[in-house]
Amino acid sequence: MANFSKSNVPQFSVEVYQNAFLPEGGREVNAIVTVTSTGGGTTGGIPLAGSGPAYGAGPGAAVVLMVDCSGSMDYPPTKMRNARDATAAAIDTLREGTLFAVVAGTHVAQEVYPGGGRLAVADAHTKALAKDALRGLSAGGGTAIGTWLRLADRLLGPAEAGIRHGVLLTDGRNEHEAPEDLRAALESCAGRFTCDARGVGTDWEVKEVTGIASALLGTADIVADPSGLADDFTRMMENVMDKEVADVALRLWTPVGVEIRFVKQVAPSVADLTGRRTEAGPRAGDYPTGSWGDESRDYHVCVRVPQAGIGQEMLAARVSLILPDPSGAGTPQTLSQGLVRAVWTDDMAASTSINPQVAHYTGQAELAQVIQQGLEARKSGDFDGATAKLGRAVQLASASGNQDTARLLSKVVDVVDAATGTVRLKAKVAEADEMTLETRSTKTVRVKK
């Protein structure tokens, strides 16, 4: 493990967990890379020194709150009131000096506060004005989420802030723009700001909401009971306020002849980053990780190396944490670094041993996959397929100690034997329970090291 620091940047460390030994002819190398940031969420809201968007120039953060105001938010009428209250709670959570705006989303996007294509600076006065403006929100119109995101991007783009973040609340499906319009908006906004997405009630599309969060490196969740929105928004905004450094990239350098099979975040949730690579010089590529506070995340790196003889050893990959130069003109800073190795051996015990971290997260990734496949089979009427997939999910959740997912699964299936994955589909399942399981299927538990 190598560790590099700079006085005005939180310290990052990289630890690599792997079994480096391969049998003769072995080519696949797996490693779990644990990245830990310390000092990023402990500055008490004081922006980090430096300049530019990478780390804390000017205000610590700029936030745009996007509130669904489509007609369905009026059914029941308490839903719109809960959304107003939740947005007010989020505004109350903003630290002094944070730049912010509120957007009402229907089939068009409208600035609610402060207006004029700008952001307000959070203080007691502007927070009060923003909450007054929320009282004017009413439900009516359609849903075109791409327009909300594009307006957020226009507002956040000029902000001289370390963290640019959106919060998006919807209660329905994106029915008033083509799917390709939303995809284009997400592609346009990716890398420009992060975004947390929440679905309230049960009339929205899980894949739409989770897709928004995935594309913009944020979190997704369900708030089935609208009365829980204020608490959820408060926690979400507290998390945003704890972020102190943005645009950190996981850089993977590989020698000639090494192929990258995949790069995935595997904790605290599963997210495939393989297709998000941007080239960063000869045989190097950057994978986005978003914004960081005081936290730790795990990544699964899998590469394919050339064949080699017994006793040979090679560097399979070098993993670095990269912070771009704030001005955009200089050399990016290497925050920390770790090495992935390959060693060929004729010791069968050494080469067939699976590293515990690799085994654990391989199971967690499979858990997320079989839940989604099981729910899809259930919806399509393939009850035998659903029983098999969800039974495997119960088995994996039990074996890995993922108790939260096990509890969610128990609302969809009756568990006969968790160890063998023997289950029966429940005859009746509440829509909220099924959507909660699908939305949270990618959440993982950390391996006990």
Side-chain angles (χ1 to χ4, degrees), residues 1-4 9 12-18 20 22 27-37 52-55 164 183 186-194 211 213-218 245-267 269-292 296-306 314-342 357-358 361-362 365 442:
M1 176 183 70
N3 190 36
F4 304 86
V9 178
F12 283 80
S13 66
V14 168
E15 296 175 277
V16 176
Y17 299 90
Q18 67 163 135
L22 296 175
R27 299 188 61 189
E28 185 171 285
V29 179
N30 289 274
I32 298 299
V33 179
T34 296
V35 178
T36 303
S37 167
Y55 44 88
R164 297 188 184 93
R183 283 196 298 270
L186 289 170
E187 289 172 5
S188 174
C189 296
R192 293 176 57 80
F193 66 93
T194 53
S214 176
L216 301 182
L217 299 175
V245 58
D247 301 328
V248 175
L250 191 75
R251 178 168 294 178
L252 200 61
W253 177 90
T254 51
V256 172
V258 174
E259 305 167 19
I260 298 169
R261 289 202 58 220
F262 61 78
V263 178
K264 298 177 182 177
Q265 178 184 286
V266 288
S269 60
V270 177
D272 194 341
L273 302 178
T274 312
R276 308 288 292 273
R277 177 185 172 104
T278 56
E279 296 306 313
R283 301 191 302 281
D286 288 351
Y287 300 85
T289 68
S291 303
W292 289 76
S296 183
R297 305 178 200 168
D298 292 333
Y299 299 86
H300 186 171
V301 173
C302 180
V303 298
R304 187 173 171 83
V305 295
M314 72 173 290
L315 174 64
R318 183 173 64 236
V319 183
S320 306
L321 265 293
I322 302 296
L323 186 66
D325 179 77
S327 67
T331 303
Q333 184 187 353
T334 301
L335 300 172
S336 190
Q337 187 173 98
L339 304 178
V340 180
R341 300 164 52 240
Q357 279 83 358
V358 172
Y361 286 123
T362 300
T442 59

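Please read these numbers as outputs of a predicted model, since none were measured by experiment. For the numbers below, each heavy atom of this structure counts, side chains included, while hydrogens, waters and symmetry mates do not.
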Are the side chains of [X] and [Y] in touch, meaning some heavy atoms are under 4.5 Å apart?
| X | Y | answer |
| --- | --- | --- |
| V16 | I32 | no |
| I322 | V248 | no |
| L315 | W253 | yes |
| V258 | V29 | no |
| V319 | Y299 | no |

Atom of [X], atom of [Y] and distance for their closest heavy-atom approach:
| X | Y | answer |
| --- | --- | --- |
| A215 | A190 | O-CB, 3.9 Å |
| G191 | D247 | O-OD1, 4.3 Å |
| T34 | S296 | CG2-OG, 3.5 Å |
| S336 | V14 | OG-N, 3.1 Å |
| L323 | A246 | CD1-O, 3.5 Å |

Identify, with sequence neighbours excluded, every residue that meets side chain to side chain donor-acceptor pair (under 3.5 Å) alongside E187.
->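 For E187 there are no side chain to side chain donor-acceptor pair (under 3.5 Å) partners, ignoring immediate neighbours.
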May I ask you to decide whether K264 forms a salt bridge with D272, counting only side-chain N to carboxylate O separations under 4.0 Å?
->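 Salt bridge between K264 and D272, a charged N being under 4.0 Å from a carboxylate O: no.
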More than 12 non-hydrogen atoms from neighbouring residues, nucleotides or ligands closer than 6.0 Å to CZ on R261, yes or no?
->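 Counting other residues, nucleotides and ligands, CZ of R261 stays at 12 neighbours or fewer.
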Count the heavy atoms belonging to other residues, nucleotides or ligands that lie under 6.0 Å from CZ of R341, then report whether that count exceeds 12.
->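 Open: at most 12 neighbouring heavy atoms sit under 6.0 Å from CZ of R341.
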Donor-acceptor contact below 3.5 Å, side chain R283 vs main chain T254 =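 Here the side-chain-to-backbone pair exists.
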Partners of R318 by salt bridge (Lys or Arg N to Asp or Glu O under 4.0 Å), sequence neighbours excluded?
->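 In terms of salt bridge (Lys or Arg N to Asp or Glu O under 4.0 Å), with neighbours along the sequence ignored, R318 is linked to no residue.
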